[in-house]
Amino acid sequence: MNHVKILDLWLDFTSIREKGFDYFNKSLLPLGKNMTNLSIHCPKYEGPEGNFIKGVIESAPSNLPKLKQLGLYYEKRGLTEATK
């Protein structure tokens with residue numbers, strides 16, 4: 001992942017669970033030191049899925065020092081006051 005500059009995560013049709021996101025956050029994301037753009041596409045940003053995605057977003061600044069653009073794209077209006 002050292003050579004990856006742009007990463008689009010399409011989570012619409014995946015069944016990634018907490019363990020998968022935890023591994024991604026702690027093991028894979030830190031390898032993207034040269035990544036400048038990260039986009040996360042998900043069907044909703046609420047409930048357990050929202051917590052996993054929130055973990056990716058929160059860990060991105062410390063794991064991706066060259067990150068210039070972070071995009072979050074979702075189809076449903078699942079934002080609550082807590083997730084905002």
Subject >> Residue pair K66 / N34, side-chain donor-acceptor N/O under 3.5 Å >> reply: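 Judged by distance alone, the side chains do pair up.
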Original post:
Are L64 and L38 close enough, and set up right, to give a side-chain contact (heavy atoms from CB on, under 4.5 Å), and what steps lead you there?
Top reply: CA-CA 9 Å; L64 306 171; L38 174 62; 4.1 Å; yes
Original post:
Any link between Y73 and I6 through a network of hydrophobic side chains (Ile, Leu, Val, Met, Phe, Trp, Tyr) touching at under 4.5 Å?
Top reply: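 Y73 and I6: separate clusters.
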Original post:
Taking atom CG of N63 and atom NZ of K33, what is their separation to the nearest 0.5 Å?
Top reply: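 It comes to 6.5 Å.
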Original post:
Just how far is it from atom OG of S39 to atom CG of L7, taken to the nearest 0.5 Å?
Top reply: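 Answer rounded to 0.5 Å: 8.0 Å.
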Subject >> Shortest non-hydrogen separation from Q69 to L67 and the atoms involved >> reply: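 What the structure gives for the nearest pair is O-CD1, 3.5 Å.
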